[in-house]
Amino acid sequence: MCGIIGYTGERGAAEIIINGLKRLEYRGYDSAGIALVDGSLYVEKKLGKIAELEHALDFPALGHFKAGIGHTRWATHGAPSDINAHPHSSCDGRIALAHNGIIENYQAIKKMLLDKGHRIVSATDTEVVVHMIEYYNQSHSLAASVMLALQKVEGTFGIAVVSKDEPGVIIAARRGSPLIMGLGENEMIIASDASAIVEHTRKVIYIDDNEIIEIRKDGFKSYDLKKNVKSKKVEDIDWDIGLIEKQGFEHFMLKEIYELSLIHISEPTRPY
Ligand code: GLU
């Protein structure tokens with residue numbers, strides 16, 4: 001329903017992320033955002049169409065960023081707005097996070113974070129996660145901090161996280177919300193949907209529930225949430241882009257009708 005994309009490699013990340021978000025557009029969304037990292041962190045978020053976000057970006061000036069994440073949001077907690085759009089940032093502006101899903105226990109986590117002096121600026125359930133990562137990141141690597149934060153989270157998530165202190169690294173994890181990683185030549189792409197990956201590579205890894213991946217342009221490490229290393233199988237996708245977007249349905253409309261029926265059958269609020 002909403003989308004995540006991340007890129008790390010040698011090409012300009014902004015164009016690749018915006019193009020990837022457009023591939024995910026058919027799933028529906030209310031706002032979109034991007035976070036780019038090198039030694040600095042650049043974040044832009046806009047209510048409305050991806051075109052609004054695209055117009056706000058100076059692509060030539062952003063060309064030095066070779067890694068980043070993007071998100072299309074479908075609001076569950078907090079109205080659609082610029083500030084509630086993802087990625088969300090840590091208080092110190094070092095870390096950014098995009099999230100699909102629902103953090104069920106965000107109120108309890110928020111209270112604990114406010115007591116520790118964190119500033120929560122959005123009305124989303126998501127933002128608490130980036131502040132927890134910031135908290136643990138005082139004494140742990142980004143990957144370990146994400147792992148520790150996710151051990152505290154109840155609910156569903158597909159997340160992608162970047163930090164200006166570890167440029168070129170994307171941490172991704174999921175529970176109950178899809179994520180796929182594409183392996184290219186000196187580049188990696190993570191996305192919630194294969195349609196954002198297949199124009200770059202057909203070699204993919206399906207990320208499992210409760211799995212966390214530390215991604216660099218030339219390799220990755222996979223763990224469960226207790227830090228055990230996982231071995232992964234690289235698979236080939238041989239569908240064409242149109243088929244992937246329609247996921248086997250003859251027309252988009254049939255696919256949308258099917259997805260709407262799932263909303264009523266499986267979940268009263270919204271599907272992931
Ligand atoms: N629950 C989050 C929010 O409302 C994520 C929504 C989504 O999956 O797009 O911001």
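What's counted below: heavy atoms across the whole structure, side chains too, no hydrogens, waters or symmetry copies. Fair warning: this is a prediction, and the values are worked out from it, not measured in the lab. Just follow the structure's listing: the first ligand is 1, and inside any ligand the first atom is 1.
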Residues [X] and [Y]: side-chain donor-acceptor under 3.5 angstrom:
X      : Y      : result
Glu166 : Ser141 : no
His86  : Asn100 : no
Asn19  : Tyr7   : no

Any atoms of ligand 1 less than 4.0 Å from a non-hydrogen atom of [X]? List them with their elements.
X      : value
Cys2   : 7 (C), 8 (O), 9 (O)
His71  : 9 (O)
His77  : 4 (O)
Thr124 : 10 (O)
Trp74  : 6 (C), 7 (C), 9 (O)
Arg73  : 3 (C), 4 (O), 9 (O), 10 (O)

Does Gly101 come within less than 4.0 Å of ligand 1, judged by its heavy atoms?
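Per 4.0 Å heavy-atom rule, Gly101 contacts ligand 1.
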Can you name the side-chain contact (heavy atoms from CB on, under 4.5 Å) partners of Asp115, sequence neighbours left out?
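Testing Asp115 for side-chain contact (heavy atoms from CB on, under 4.5 Å), a comparison that skips the adjacent residues, returns Lys111.
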So for ligand 1, is Asn84 a polar contact partner (N or O within less than 3.5 Å, distance only)?
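Min N/O separation from ligand 1 is not below 3.5 Å for Asn84.
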What pairs with His200 under ring-ring contact (aromatic ring centres under 6.0 Å, His included), at least two apart in sequence or on another chain?
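ring-ring contact (aromatic ring centres under 6.0 Å, His included) list for His200, sorted by chain: empty.
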Counting only heavy atoms not in Phe65, do more than 12 sit closer than 6.0 Å to its CZ atom?
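Correct, the count exceeds 12.
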